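To keep things clear, I will list the structure first and then write my remarks on it.
The structure presented is a predicted model; accordingly, all values stated were derived computationally and were not measured.
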Amino acid sequence: MESSPKAIFKDLQPNIADAIKESCSTSDAIVLKIVDEVNRIKTVGVEPGVEIAQGLSMIINTTIKSSVRLGCDLSVIAQGIMIGAFRSRLIQLEAHKTIRLLVREIIGAVSNCKGDLKKTVDGLLAGITVIAREHKLNEQEALVVAKEDIQETLSNQE
């Protein structure tokens, strides 16, 4: 039985919230506050494909903005967003495009909020490693692709 794109989209927020929580090695009150905020983000869909991209962008921007404002460790947040987004079946369909999209969105949001880009990159790379293991992807290839996308995105931010 095929689920509708709306149902897949609804899984995106809890997947990201759960992955952020899992990425934190302690019960950090700030991270738990961010997780709560992710679960309360209101998104609006236009059509199935656009709904995912717009919803994901809104979740990333809101989460990063709150994380920077609260002084949260961006490596934990970036890793959680990356892992959580990949847990949505629709997102997994094109892994390379998804990695590129997530890298650009996350780095762009962190840059706009004047957050710590080094910690963000550390979190993105840690997230890629987890994703590769969870989804049985070639870990080294995934890291090479992610590093290229990160480098390209960072050079475009300057």
Between [X] and [Y] (side chain of the first, backbone of the second, donor and acceptor by atom type, cut-off under 3.5 Å), is there such a pair?
| X | Y | value |
| --- | --- | --- |
| Asp36 | Leu32 | no |
| Ser155 | Glu152 | yes |
| Ser111 | Ile107 | no |

For [X] versus [Y], what's the shortest heavy-atom pair and its separation?
| X | Y | value |
| --- | --- | --- |
| Ala17 | Val35 | O-CG2, 3.5 Å |
| Gly80 | Ala19 | O-CB, 3.2 Å |
| Cys113 | Lys65 | SG-CA, 3.7 Å |
| Asn61 | Ala109 | OD1-CB, 3.3 Å |
| Ser23 | Gln79 | OG-CG, 3.6 Å |

Going from [atom1] on [X] to [atom2] on [Y], what distance comes out if it is rounded to the nearest 0.5 angstrom?
| X | Y | atom1 | atom2 | answer |
| --- | --- | --- | --- | --- |
| Ser57 | Arg104 | OG | CZ | 13.0 Å |
| Met82 | Thr120 | CE | OG1 | 11.0 Å |
| Leu101 | Ile60 | CG | CD1 | 6.5 Å |
| Cys72 | Ile20 | SG | CD1 | 8.0 Å |
| Ile30 | Ile34 | CD1 | CD1 | 8.0 Å |
| Ile131 | Leu102 | CD1 | CG | 7.0 Å |

Chi angles and distances behind the side chain to side chain contact (heavy atoms under 4.5 Å, CB included) call for Thr153, Arg100: CA-CA 9 Å; Thr153 303; Arg100 177 171 282 140; over 6 Å; no
Flag side-chain contact, heavy atom, 4.5 Å: Asp73 against Lys119: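 Touching, per the 4.5 Å side-chain cut-off.
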Val110 side chain reached by Asp116 side chain, heavy atoms, under 4.5 Å: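 The answer is no, as the side chains (C-beta and beyond) never meet within the 4.5 Å cut-off.
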Check for me, please, whether [X] and [Y] land in the same ILVMFWY cluster - side-chain distances under 4.5 Å, paths through other members count.
| X | Y | result |
| --- | --- | --- |
| Val130 | Val145 | no |
| Ile64 | Leu117 | yes |
| Ile16 | Met58 | yes |
| Leu70 | Val68 | yes |
| Leu125 | Val144 | no |

Residue pair Ile83, Glu134: steps toward the side chain to side chain contact (heavy atoms under 4.5 Å, CB included) verdict: CA-CA 9 Å; Ile83 294 167; Glu134 281 186 5; 4.2 Å; yes
Atom CD of Gln151: over 12 foreign heavy atoms under 6.0 Å: no
Test side chain to side chain contact (heavy atoms under 4.5 Å, CB included) applied to Leu124 and Asp149, step by step: CA-CA 11 Å; Leu124 290 171; Asp149 290 339; over 6 Å; no
Test side chain to side chain contact (heavy atoms under 4.5 Å, CB included) applied to Phe86 and Ile99, step by step: CA-CA 9 Å; Phe86 260 82; Ile99 290 170; 3.8 Å; yes
